[in-house]
Amino acid sequence: MYLRLAKALCGCLKSTLLWYKLFKGTLEDMGFKLNKYDPCVANKKIKGTQFTIGWWVDDNAMTHDSDSVIDDVIADIEAKFGKMTVTRSTHFPRHEFLFPWGWESENQHEGVVEAIIDL
């Protein structure tokens, strides 16, 4: 039996690629330029300062000098994809983590930054 899905199915290679193309295209439409060394990092100069967003499948990390600029970019992304859970980093000021499908607790990533720094 074969079925045609109305939406992409999580866990399939093709759905991952479709999501990447959609999210990348959204950021490019917002004026972001992809990093030539890492295709999951995009940058844009906003109010004279670099805004950086990196993404891993459906998780995002972003940074900018201005909290209000970060809030504006989050609002633009949410306008396209719907409400997302936003966790403010306790390790880096003006650094946001977006978890589109409802990770409720920032404690789920507790210790990750320290582990990376210790490497």
Side-chain angles (χ1 to χ4, degrees):
M1 173 186 277
Y2 293 93
L3 300 173
R4 177 175 278 239
L5 299 174
K7 295 184 179 185
L9 182 64
C10 278
C12 294
L13 291 176
K14 191 169 185 178
S15 62
T16 302
L17 181 59
L18 290 172
W19 169 250
Y20 171 81
K21 288 179 178 181
L22 176 63
F23 194 70
K24 175 182 83 83
T26 299
L27 293 177
E28 289 173 332
D29 290 346
M30 293 170 59
F32 284 86
K33 303 288 182 208
L34 289 183
N35 182 300
K36 66 181 180 178
Y37 300 106
D38 186 339
C40 290
V41 174
N43 300 297
K44 178 181 178 181
K45 192 157 266 192
I46 302 175
K47 294 187 178 182
T49 305
Q50 179 171 297
F51 188 109
T52 300
I53 183 167
W55 67 99
W56 303 268
V57 187
D58 60 355
D59 294 339
N60 303 270
M62 57 184 68
T63 186
H64 188 270
D65 284 345
S66 168
D67 289 337
S68 66
V69 169
I70 292 173
D71 292 339
D72 292 344
V73 171
I74 290 170
D76 290 344
I77 293 171
E78 287 181 333
K80 171 102 181 183
F81 298 106
K83 185 75 176 145
M84 295 185 246
T85 301
V86 177
T87 302
R88 306 255 180 211
S89 172
T90 57
H91 303 287
F92 303 107
R94 297 182 183 85
H95 194 95
E96 304 298 327
F97 295 99
L98 274 83
F99 304 109
W101 287 283
W103 284 18
E104 297 300 327
S105 171
E106 68 180 274
N107 294 332
Q108 290 177 336
H109 289 323
E110 193 171 313
V112 172
V113 173
E114 291 84 359
I116 292 170
I117 292 171
D118 288 342
L119 289 177

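Below, each value reflects all heavy atoms present in this structure, side chains not excepted, and no hydrogens, waters or symmetry copies.
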**Prompt:** Aromatic rings F81 and F23: how do their planes relate, parallel, tilted or perpendicular, breaks at 30° and 60°?
**Reply:** tilted
**Asked** Short question: side chain of Y20, backbone of P39 - any donor-acceptor pair under 3.5 Å?
**Response** yes
**Fill in**
CD of E28 to CG of L34, rounded to nearest 0.5 Å, is 5.0 Å
**Prompt:** Under the side chain to side chain donor-acceptor pair (under 3.5 Å) rule, what pairs show up with a residue in residues 30-40, not counting sequence neighbours?
**Reply:** none
**Complete:** Of D72, T26, I53, the one forming a side chain to side chain contact (heavy atoms under 4.5 Å, CB included) with I77 is I53
**Prompt:** K44 side chain to M30 main-chain N or O, any donor-acceptor pair under 3.5 Å?
**Reply:** yes
**Message:** The test is side-chain contact (heavy atoms from CB on, under 4.5 Å); show your working for T63 and F51 and say whether it passes.
**Reply:** CA-CA 6 Å; T63 186; F51 188 109; over 6 Å; no
**Message:** Is there a continuous path of hydrophobic side-chain contacts, each under 4.5 Å between heavy atoms, that joins L17 to V41?
**Reply:** no
**Message:** Rounded to the nearest 0.5 Å, what separates atom CH2 in W55 from atom NZ in K24?
**Reply:** 8.0 Å
**L22 and K80, any side-chain heavy atoms less than 4.5 Å apart** = yes
**Request:** Test I74 against M62 for side-chain contact (heavy atoms from CB on, under 4.5 Å), laying out the working first.
**Result:** CA-CA 9 Å; I74 290 170; M62 57 184 68; 3.7 Å; yes
**Prompt:** Under 3.5 Å, is there a donor-acceptor pair between the T52 and Q50 side chains?
**Reply:** yes
**Distance (rounded to the nearest 0.5 Å) between D65 CG and I46 CD1** = 11.0 Å
